Amino acid sequence: MSARHYSLWLLARRSLRQHALSTFVTALSLALASGLVMAVLAIGAQSRTAFTIESTPFDAVLGARGSQLQLVLNSVFHLETSPGNLPWSTYTEIKTRPGVRAAVPYAVGDNWRGFRVVGTDAQMFDERVLGPRTPKLAAGRIFDDTLREAVLGSFVASRTGARVGDEIHPAHGVDEGHDHDEDYMIVGVLAPTNTPLDRCVWIPIEGMFRMGGHVLRGTGEEFHAEPGEAIPDEVKEVSAVLLAFTTPQVGLELDREINKSGKDATLAWPIARVMAELFDKLGWMNRVLVLVAGLTVLVGAASIVASLYDAMHQRRRELAILRALGARRGQLSAVVVLEATTIAALGALGGFVVYFVILLVASGILRAQTGVVLDPAQFDLALVLVPAGLVLLGALCGAIPAWKAYRVEVADDLAPTS
Amino acid sequence: MAEAVLEISGVRKAFVAPDGGRVEVLDVPSFVVGAGEQVALRGQSGTGKTTLLHVIAGIVRPDAGTVKVAGRDIAPLSEAERDAWRARHVGYVFQTFNLLQGFTALENVALASMFAGPAKVEHARELLGRVGLESRLEYSPRKLSIGQQQRVAVARALVNKPNLVLADEPTGNLDRGNADAALALLRETCRENGAALLVVSHDERVVAQFERVLDLAELNRASRAEVRS
């Protein structure tokens, strides 16, 4: 061992080793606490971004009269129930409206193995219509509008193991229900988009109209589509129309026209605002979580003080020996602060492990529920500020036992005396 | 007499008693130890011998008088300055050895040099070899015999090549055989390293081995007043 081995750090290290159990327990509690704080902050920030900005290539959703939030949750995130249907004519009208870059019809109400089946058209996969955030194919091709063909979202394919060439049987309802008689051939699988689109089974909207047991009420009367028979436009219905505009001004005009003057439909625009309002309403929950996590950090910090302060009783003699050997009071205090800082640093390091575990678990749950994916490796300022703050807090916590170390008197603590 | 390594003059020290009164424990008019000299200070319990050693080491500041160690009066120095002076010029052997339990024999010795500048690891190794512990460098104190622990303590006291080694009842915890061997080792290694040695003991067998013996009961006027520290 060289002279470099001998430093205040050696004294701190050995002391921590001598009190290995309390060091471990304290560092562990700090790791849990800091990991929790980082996870709460990062999940909050990432999920807000994912749900408000990155969740969809569309600007707005047009649906039946009702809640904008319910409309967005149902059409974009495939949660909640559909607020109702719109007549096909509404779709054709909005589609031709100047400034509407894309109008994609959605018909929902069925599932396959718990995954939402969405009837739509080929625009959904046309990059010329939806731009760079259009879902892309990983395998196969897009369905033919006139055939019983299906395209699976990436999450559906990975979860079910279904591949191109397999057949699926959609079931009625959004969760469980009786199987329809129709078979659909999988002709394509989409590449992951890390959005709710990954959790859908896409079929031609015509197929949704013709699914056994489905009733169309576009005219107010019930209509059952028969094989080989054309379906009149006036009986067709859609659950929603997803819209992309050329300029935000178009959204503003439609908002005024549909929401403020109209009575038949609801326009949820912009989607990001609707989701942001939801997050703002739930913001208090996030703040409570941060507060609780912050309190656990304080409890962890208090345990640094308690463990080192208690250890001071046992260490008075050792510190007195060091003083007798020429150690200055400030050096011994520095050793104790170094110990506290080291415990906090160990806690911060462990916090990253806890953070990654929490984010992996949360990401898995969120992906399974919504298709939105969180990235544990994504940079978040909290990943710097929380560990740095913890180390600083640890150093501050060391000040109390360090003061006790400072006050050790050689003459009093080196028995025996005469 | 050779050049003085320790000169005490008019040193007085009093403590505050639990009842609030002042209790004088040291009143030493004068006292000199030459460079390389080996002196025994005979003192029974309660004669203020540990307090005197603490004053000489700069651990305790006297209320009055001068304490010249290696040519410098340490009495007026600040505590930090006295700490630094002690680390460089004074070695200390305690009655109970006071080795640090979480450290190896080598670390115990080398650590003591850390407070006087860069750690003298090689010198620590040499000293431990000199006291017969070359094969026990990495042993923790609790794995060493009492005699071996005492040898580590001697090596530690000498690692900074001090001018003066203070030994407080260095054989108090040893049996007769180990006590003789430890004292011989202490005296020899101090001699080899050119350090003066001041041994405080109440053991007549220890005191009898020194050519110069001072009686603390005579030296310390406060002790004659039967004051207990």
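This one's a predicted model, so the numbers in the text were calculated from it and none came from an experiment. Quick note on labels: first sequence line is chain A, next is B, and so on, each numbered from 1.
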Between A:Arg317 and B:Thr96, is a side-chain contact (heavy atoms from CB on, under 4.5 Å) present by the stated rule, with each step listed? CA-CA 12 Å; A:Arg317 188 175 179 81; B:Thr96 50; 2.9 Å; yes
How far apart are the C-alpha atoms of B:Glu81 and A:Arg328, what are their side-chain angles, what is the distance that settles it, and do they pass the salt bridge (Lys or Arg N to Asp or Glu O under 4.0 Å) test? CA-CA 9 Å; B:Glu81 288 170 330; A:Arg328 294 173 199 175; over 6 Å; no
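Here the straight-line distance linking atom CZ of B:Phe103 with atom CG of A:Leu11 works out to 5.0 Å at 0.5 Å rounding. Taken from CD in A:Gln18 to CD in B:Gln101, the straight-line distance is 8.0 Å, to the nearest 0.5 Å. Here CD1 of A:Ile321 is found 12.0 Å from OH of B:Tyr92. Values are rounded to the nearest 0.5 Å. Here the CZ atom belonging to B:Arg86 is positioned 8.5 Å from the CG atom belonging to A:Leu325, to the nearest 0.5 angstrom.
When each of B:Ala87, B:Ala124, B:Gly102 is scored by its heavy-atom pairs under 4.5 Å with chain A, the top score falls to B:Gly102.
In this structure, chain A has no heavy atom under 4.5 Å from any part of B:Ala116. Residue B:Leu100 touches chain A through its side chain alone, counting heavy-atom pairs closer than 4.5 Å. With a 4.5 Å cut-off on non-hydrogen atoms, B:Phe94 touches chain A through its side chain but not through its backbone. Contact annotation for B:Ala112: both backbone and side-chain heavy atoms come within less than 4.5 Å of a heavy atom of chain A. Only the side chain of B:Arg156 comes within less than 4.5 Å of a heavy atom in chain A; its backbone stays farther off. Looking at B:Glu169, there are no atoms closer than 4.5 Å to chain A (heavy atoms on both sides), in backbone or side chain. Using a 4.5 Å cut-off between heavy atoms, A:Glu318 contacts chain B through both its backbone and its side chain.
In A:Tyr309, the OH atom is not crowded: 12 or fewer heavy atoms of neighbouring residues, nucleotides or ligands sit closer than 6.0 Å. Atom CZ of B:Arg205 is surrounded by more than 12 heavy atoms from other residues, nucleotides or ligands within 6.0 Å. Residue-environment remark: NE2 (B:His202) stays at or below the threshold of 12 foreign heavy atoms within 6.0 Å. Counting non-hydrogen atoms of neighbouring residues, nucleotides and ligands closer than 6.0 angstrom, the CZ atom of B:Arg130 exceeds 12 such neighbours.
Between B:Glu107 and A:Leu10, some side-chain heavy-atom pair lies under the 4.5 Å cut-off.
When all heavy atoms of B:Asp83 and A:Arg329 are compared, the closest pair comes out as OD2-N, 4.3 Å.
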